[in-house]
Enquirer: 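Following this message is one structure expressed as C-alpha cells.
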Number of protein chains: 2
Amino acid sequence: MQDVADAAGVSVGTVSNVLNHPAKVSPATAERVREAIGRLGFVRNDAARSLVSGSTKSIGMVLADIENSLFIDMAHGAQDAARAIGQNLLLANTACDMRLQDDYLDLFDESRVTGVLLAPMEDSTAGIARIRSHGRQVVLLNYAPRPGTCCSVLVNNEHVGYLAARHLIDTGRTRLAYVVAHDDYQPVRDRRRGVRAAVEEAGPGVTLEEIDSVGLTTSHGHVVGAELARRAPEELPDGLLVVTDELANAIIHELHTVAGIRVPDQVAVVGCENNRAAGAAAVPLTAVDMPGRMMGQEAIRLLMDEVASGKQHRHATVVLEPELIVRSSAPN
Amino acid sequence: MQDVADAAGVSVGTVSNVLNHPAKVSPATAERVREAIGRLGFVRNDAARSLVSGSTKSIGMVLADIENSLFIDMAHGAQDAARAIGQNLLLANTACDMRLQDDYLDLFDESRVTGVLLAPMEDSTAGIARIRSHGRQVVLLNYAPRPGTCCSVLVNNEHVGYLAARHLIDTGRTRLAYVVAHDDYQPVRDRRRGVRAAVEEAGPGVTLEEIDSVGLTTSHGHVVGAELARRAPEELPDGLLVVTDELANAIIHELHTVAGIRVPDQVAVVGCENNRAAGAAAVPLTAVDMPGRMMGQEAIRLLMDEVASGKQHRHATVVLEPELIVRSSAPN
DNA sequence: GACGGGTTTTGAAACGCTCCAAGGTTGTCG
DNA sequence: CGACAACCTTGGAGCGTTTCAAAACCCGTC
C-alpha cells in the first residue's frame with residue numbers, strides 16, 4: 001500500500017480512503033491512485049483489513065452432506081440472500097464427519113466470519129456452544145437446537161410424515177409401511193411421529209408397519225426392496241412411505257424394474273425430501289418437498305438479525321411448511 | 001492473548017509458543033497457559049496470524065455448478081487431498097455467474113489463500129491472469145487453460161465422445177445423432193470431435209446427425225425428446241449421444257415414458273458425465289464416467305507442487321481418461 | 001562460588017491495513 | 001483583505017499475532 005501511495009504521490013491514508021471511502025477523496029487524486037493500483041497489481045490484504053475491523057464480510061456455511069440436493073438448495077438460498085446484503089458465502093462440506101465439522105466451525109471462528117450457518121446430521125450442541133461462547137453467531141438449519149441455544153430454520157418434519165401418510169390414506173391405501181433408517185437423525189424421528197399421527201387419525205381400517213433399513217443409500221434400498229419383493233402378495237404393503245428419496249428410488253427400482261411388482265398399482269410409494277433425483281426416477285416419485293432455498297434465505301436473515309441486535313437478541317425458530325408433490329409413484 | 005498471558009503469569013510470546021511450538025515451553029507452563037486459554041475462552045485471531053505469516057492454511061475452490069455431481073465429486077476429492085496435507089478447503093459456488101466467479105476469485109485472492117482451484121464453465125483467462133499476476137496460484141479443473149497460463153486437470157473429453165459413439169457403433173447402431181447444447185463450453189466441443197472421429201472411423205455405413213438443444217436442463221431435454229418422438233420411424237436415429245446426463249434422462253423420459261418409443265430397443269442412448277442421476281433414471285443410463293474425485297486430488301497435488309517449487313515451476317496438465325459405464329439405456 | 005551449557009522466558013519489532021485528529025488548501029463573503 | 005467554512009490530505013496509533021535476539025534461569029562442574 002505504501003508503494004501505491006508513493007507511486008501516486010499521496011499518503012497511505014489516502015490510498016485507504018480511495019478504497020473504502022471514495023467520497024472523501026477528490027476525483028483527480030482517486031483516479032491517480034486507482035491507476036497506480038492497477039499498474040502495480042496491488043491487492044489489499046484482507047487479513048490486515050479484518051484485523052483492524054475485527055470482522056469480515058463473509059459468512060461461513062457448514063454442510064453435512066453436499067451430495068443431498070436439499071443442502072445444495074439451502075446453500076443456494078443462503079448465497080442469494082448473503083449476496084444481497086454484501087456478504088460472501090463460504091461453503092464447507094463435512095461429509096457427515098463430526099471431526100471435520102468441528103474443524104470447520106473452528107476455522108470459521110478463528111477467521112472471524114460474520115456468522116455461521118450450520119446444517120448438521122447429528123446433535124452439534126457442543127460445537128455450537130463452543131463458538132457461541134466466543135461471541136460468534138450460529139444459525140442451525142434443518143436440525144432443531146437444544147431449546148434456547150441458538151436460532152434455527154426448520155421444516156415441520158412431523159407434517160412431512162403426516163402429508164406423506166395422509167396422501168396414501170386418502171388415495172385408498174390401507175396397509176402402510178414406513179421404511180426408516182438412522183432413527184437418531186432428528187428430522188427422521190419427527191417424520192415418523194407425523195406418519196403415526198396420520199395413521200391413528202385414520203382409525204382401525206389402516207395399519208402401519210415399520211421397516212428398518214440399515215442405511216439410507218441406494219444399496220440399502222435394494223436390500224429392502226428385494227426383501228419386500230419376496231413376500232407373499234397379501235403380506236405386501238400397498239402404500240410405502242420412505243424416509244428419503246434416494247432410498248425410495250432404490251426400493252422402487254427393485255420392486256418395479258427387477259421384481260415386476262407394479263408401482264403404483266400394487267404398491268404406491270412416497271418419498272420425503274423431493275430431491276433432484278425424485279422427478280427423474282424410473283417411476284417419478286411422489287414426494288414431500290422441503291423448501292430448501294427459502295430455508296437458506298431465512299437463515300441468513302436470522303443470522304443478520306442476531307448480529308445487528310447484539311445483546312438484546314432473542315433466539316427464534318422459523319418453521320417452514322412442506323408441500324406434497326404428486327407424481328406417478330403415488331398418484332391422486 | 002495478553003489477557004491469557006496475564007492470567008497465566010507469562011508473556012504473550014510464551015502463549016504464542018504454547019500454541020505454535022509447544023516443544024519450546026516447559027510442560028508446567030504450557031499447562032498453566034492452556035488452562036487460562038480454556039477458562040477465558042480465548043480464540044486465536046486468524047487474521048493477525050496470517051497477517052504475520054503472509055499466508056493461510058486454506059485453499060479456495062470455486063465451482064461453477066454445485067448442482068452437477070461431477071463438481072461435487074471434484075470437491076470431495078480435493079477436500080480429502082487438502083486435508084491430508086493439513087489444508088482446509090473452502091468452497092464457493094458461482095452458479096455459472098461470471099461476476100460471482102470474479103468476486104470469489106478476488107475474495108480468495110485478498111484473503112491470501114494458499115491457492116485456488118477453479119472449475120469454470122466459461123473461459124476464465126482474465127480472472128486467472130488477474131490473480132496469478134498477484135502471485136497467487138491457480139489450478140484449472142475440467143477446462144483447458146490457454147496454453148502456458150496455469151496448471152490444469154482435464155478429462156480427455158474427445159475420448160469421452162469417442163467412447164460413447166464407439167459403443168453405439170459396436171453394438172450395431174448405424175444412424176447416430178448427437179444432441180448438443182452450449183457449444184461454447186469447451187468440454188462439450190471436445191466431445192463432439194470424438195464423436196465425429198468415431199463415426200468417420202466406422203466408415204460410410206454409419207451416419208451422424210447433430211441436433212442442437214437450446215440448453216442443458218431437463219425442460220430443454222423434454223423439447224428435444226418430443227421433437228424426436230414426432231418423427232417418422234425411419235427418420236428416427238437408432239443411437240443417441242447426449243452431451244450431458246440430465247439432458248439424456250429428460251430425452252429418455254419423453255421418448256420412452258411419454259411417447260412409448262422403446263429405449264434401448266428402438267433408440268439406444270448414451271450420456272456423457274455419469275452423474276448421480278444416471279444410475280437412478282427411468283432407464284438406467286449408459287454413460288461415460290468422469291473421474292471427479294481423482295481430478296480433485298490431482299488438482300491439489302498440482303497446486304501444492306506449484307506452491308512448493310516457486311519460480312522454477314513449469315505448468316503441467318494432467319489428463320485423466322474416462323470410462324464407459326454400460327447400463328440398460330444402451331446395453332452391450 | 002564462579003563458570004559454562006542448555007533450557008525457558010521475555011519484550012519488542014513487524015505484518016498491512018483503517019481510523020482519526022490535526023493540518024493544509026480553496027473558495028466565499030463581509 | 002481577513003475570517004471562516006468546506007473540503008482534502010496527512011501521519012501515526014493500533015489491531016492481535018509471530019518471531020527472534022537477548023535475558024533469565026537452572027544445574028552440574030571445576
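Naming convention: chains lettered A, B, ... in sequence-line order (proteins, then strands); numbering from 1 in each chain.
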Enquirer: Separation of R32(A) atom CZ from dC8(D) atom C1', in whole Å?
Expert: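 Between C1' of dC8(D) and CZ of R32(A): 12 Å.
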Enquirer: Rounded to the nearest Å, what distance is computed from the CZ atom of residue R49(B) to the C1' atom of nucleotide dG16(C)?
Expert: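 Computing the R49(B):CZ to dG16(C):C1' distance gives 18 Å.
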Enquirer: Give a yes/no answer on whether the side chain of S11(A) brings an N or O atom under 4.0 Å of OP1 or OP2 in dG11(D).
Expert: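 Answer no for this pair, as no side-chain N or O of S11(A) is under 4.0 Å from OP1 or OP2.
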Enquirer: With sugar-phosphate meaning primed atoms plus P, OP1 and OP2, does N20(B) contact a base, only sugar-phosphate, or nothing at under 4.0 Å between heavy atoms?
Expert: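 Since only primed, P, OP1 and OP2 atoms lie under 4.0 Å of N20(B), the category is sugar-phosphate.
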Enquirer: Choosing from dG16(C), dT10(D), dT18(C), which nucleotide comes nearest the side chain of A48(A)?
Expert: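 Looking only at side-chain atoms, A48(A) lies closest to dG16(C).
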Enquirer: Which comes earlier along DNA chain C counting from the 5' end, the contact point of G9(B) or that of R44(A), where each point is its nearest nucleotide?
Expert: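 Result of the comparison: G9(B).
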Enquirer: Would you say CE of M98(A) has more than 12 non-hydrogen atoms from neighbouring residues, nucleotides or ligands within 6.0 angstrom?
Expert: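 Yes, enclosed.
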Enquirer: Students often get this wrong, so: under 4.0 angstrom with heavy atoms, is S26(A) touching a base, only sugar-phosphate, or nothing?
Expert: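 The residue S26(A) makes sugar-phosphate contact but no base contact.
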Enquirer: Whole-Å distance between dC15(D) C1' and R112(A) CZ?
Expert: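 Rounded to whole Å, this separation is 11 Å.
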Enquirer: From dG16(C), dT19(D), dC17(C), pick the nucleotide closest to the side chain of F42(A)?
Expert: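 So the nucleotide nearest the side chain must be dC17(C).
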Enquirer: Just the rounded figure in Å: distance from P of dC17(C) to CG of D46(A).
Expert: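 Answer to the nearest Å: 10 Å.
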Enquirer: Is there a side-chain contact between V155(A) and V319(A), using heavy atoms and a 4.5 Å cut-off?
Expert: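 With C-beta onward as the side chain, the pair stays apart.
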Enquirer: V52(B) side chain: which of dT10(C), dC17(C), dT17(D) is closest?
Expert: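 Looking only at side-chain atoms, V52(B) lies closest to dT17(D).
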Enquirer: Taking the side chain of L51(B) as its heavy atoms from C-beta onward, which of dG16(D), dT19(D), dC17(C) lies nearest to it?
Expert: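 Nearest listed nucleotide: dG16(D).
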Enquirer: Just call it for V43(B): base, sugar-phosphate, or nothing, with non-hydrogen atoms closer than 4.0 Å on any strand.
Expert: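 Touches sugar-phosphate only.
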Enquirer: Can you tell me the distance, in whole Å, between the CD atom of E110(B) and the P atom of dC17(C)?
Expert: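 Those two atoms, CD and P, are 10 Å apart.
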Enquirer: Over how many whole Å does the gap from H21(A) atom NE2 to dT10(D) atom P extend?
Expert: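 Taking atom P of dT10(D) as the reference, NE2 of H21(A) is at 16 Å.
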Enquirer: Distance check needed: dG14(D) C1' versus Q2(B) CD, whole Å only.
Expert: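 Those two atoms, CD and C1', are 14 Å apart.
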Enquirer: Tell me which one of R132(B), R136(B), R130(B) satisfies salt bridge (Lys or Arg N to Asp or Glu O under 4.0 Å) with D109(B).
Expert: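 Option passing the salt bridge (Lys or Arg N to Asp or Glu O under 4.0 Å) with D109(B): R136(B).
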Enquirer: Nearest heavy atom decides the nucleotide; on that basis, is N17(A) or S16(B) closer to the 5' end of DNA chain D?
Expert: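 First, find each residue's nearest nucleotide; the 5'-ward one identifies N17(A).
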Enquirer: Could you tell me whether R146(B) atom CZ has more than 12 heavy atoms of other residues or ligands within 6.0 Å of it?
Expert: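 No, CZ of R146(B) has 12 or fewer neighbouring heavy atoms, counting only those of other groups under 6.0 Å.
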Enquirer: What is the distance from CE of M1(B) to C1' of dG14(D), rounded to the nearest Å?
Expert: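 Going from CE in M1(B) over to C1' in dG14(D) covers 17 Å.
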Enquirer: Taking the side chain as C-beta and beyond, is there a heavy-atom pair between N68(A) and R276(A) under 4.5 Å?
Expert: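 Contact flag for N68(A)/R276(A) side chains = no.
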Enquirer: So what does T29(B) hit on the nucleic acid, given a heavy-atom distance under 4.0 Å: a base, only sugar-phosphate, or nothing?
Expert: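 Sugar-phosphate only.
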